[in-house]
Amino acid sequence: MYEKFKRSEWFRHDRFGMFIHFGLYSIPARGEWVRGAENLSDELYYSYFNQFNPYAFDAHEWARAAKRAGMKYVVLTAKHHDGFCLFDSKLTDFKITNTPFKRDLIAEYVEALRDEGLKVGIYYSLIDWNHPAYPAYMHHAHPHRTDEAYKIRRPFEEYLEYMHGQIRELCSNYGKIDIMWFDYSYEEMIGEKWRATELIKMVRDLQPELITDNRLEVSGLGFGSLATATPAYYSGDFVSPECIIPPKGIVNELGEPIPWEACITMNDHWGYCAKDFNFKQADIVIKKLIECVSKGGNMLLNVGPDATGRFPKESCEILEKIGEWMSRSGEAIYGAGISEFDKPEWGRYTQNGDSVYACITETPIGPLPLFGIPHDRIEYVRLLKDGSEVKTLSDWRTENYPGLTFVEFPNYKMLDDVCTVLKIKLK
Ligand code: GLC
């Protein structure tokens with residue numbers, strides 16, 4: 001990885017984070033797009049504002065849930081497309097401190113994350129359905145896109161002043177921010193339309209180590225100039241594929257692997273959706289996290305807290321199960337990445353230096369071939385979860401397959417339901 005990716009070193013090491021989508025939309029409970037998708041009237045939407053009071057919110061509980069799941073960083077929506085701000089911005093009245101809840105949720109959040117030793121990420125929507133200078137009529141998903149009265153808007157410059165001002169606030173008033181997750185560019189709303197060079201200069205000035213996603217140039221669609229040989233100044237530090245794991249990881253046009261983070265919903269929505277019970281099973285999520293790491297990427301797994309400020313029960317259960325596996329097998333994730341050995345048919349390899357992690361998702365019967373790894377390169381093999389020795393073997397069963405190295409488990413009950421990991425130490 002070349003110089004440009006130095007800044008994201010911790011991020012590529014940590015591999016696993018939590019996305020949190022939280023805002024007024026948790027009340028209608030039909031996802032975070034509800035204001036735009038259903039063309040909700042301002043009157044109705046502001047009634048949610050006047051009622052918003054997530055009384056059960058506890059920043060430490062959110063942070064601890066992430067930590068227990070083995071996540072190392074969290075990214076929370078400080079402002080989503082609806083324009084509502086979870087922080088005490090001086091630049092708008094449409095903010096949490098003016099709701100019955102009154103508290104600056106972002107302030108509590110950053111403090112709790114730091115207390116738990118987690119890195120701090122902030123999502124900021126470039127799109128804004130509330131600001132009077134943001135294009136509305138016939139415009140991309142805006143709740144007033146069919147409303148002729150919204151044809152004439154205030155000059156877009158006014159919105160840019162506001163947006164830059166808010167990002168300045170977020171980068172100035174909450175201590176060290178590790179990730180700024182911009183969302184998103186489309187059509188002509190891209191790059192310098194956001195005054196992106198100036199924006200990133202300001203951000204770098206205030207937060208020299210901060211990393212950003214690539215969405216000042218793209219949406220979930222497209223990789224942006226980060227994937228070219230000459231990334232723009234505002235290309236961001238990682239690609240942000242959405243609800244998909246890139247089939248072969250992501251490389252730039254020089255063929256070099258570049259950092260990426262797949263953001264994944266736990267059910268089918270980002271913001272809380274009361275009737276969406278289509279949750280992914282914990283073991284699937286674990287296997288997909290391994291897949292991300294084996295392809296050189298991260299996973300950002302989403303939770304959409306409900307209107308009381310709690311994580312949905314289903315999400316908590318999934319997080320707990322992931323945490324159980326991570327607590328014993330996290331070494332195959334943190335600091336690991338693409339292996340020098342090709343994907344074995346029974347699972348995946350991840351690798352960190354001279355340690356290869358064989359993540360076995362298909363239960364073997366009899367000797368398991370360690371595809372691609374020559375016998376004389378192996379110093380030892382251990383079961384990662386308890387450190388116990390796993391022996392390589394060659395006997396009459398393996399003799400028909402010269403050139404392959406085999407291991408056998410002393411007892412198949414030792415295998416993990418989700419994914420057994422072998423640590424293979426190379427010489
Ligand atoms: C999309 C959506 C948004 C969500 C984001 C997460 O761009 O507009 O609702 O926050 O993806 O990646």
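Not measured: the values here are computed from a predicted model. Values below: all heavy atoms of this structure, side chains included; hydrogens, waters and symmetry mates excluded. Atoms within each ligand, like the ligands themselves, are counted from 1 in listed order.
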Q) Which protein residues have a heavy atom closer than 4.0 Å to any atom of ligand 1, listed by chain and number? A) F19, H21, E32, W33, H80, H81, Y123, W181, D183, Y184, R215, E242, C263, W270
Q: Cation-pi check, K343 to F371: give yes when NZ or CZ is under 6.0 Å from the six-membered ring centre and within 45° of the ring axis, no otherwise.
A: no
(Q) Are more than 12 heavy atoms, taken from residues, nucleotides or ligands other than Q51, located less than 6.0 Å from that residue's CD atom? (A) yes
Q: Indicate yes or no for a side-chain donor-acceptor contact from D178 to the backbone of G121 under 3.5 Å, with no hydrogens or angles considered.
A: no
Q.
Whether E157 and R195 form a salt bridge (side-chain N of Lys/Arg under 4.0 Å from carboxylate O of Asp/Glu) is what I want to check.
A. yes
Q: Verify whether one side chain among S185 and W194 offers a donor that lies under 3.5 Å from an acceptor in the other.
A: yes
Please set out all donor-acceptor pairs under 3.5 angstrom arising from side-chain atoms of residues 53-61, sequence neighbours excluded.
from: D58; atom 1: OD1; to: H60; atom 2: N; distance (Å): 2.9
from: D58; atom 1: OD1; to: E61; atom 2: N; distance (Å): 3.3
from: H60; atom 1: NE2; to: D115; atom 2: OD2; distance (Å): 2.8

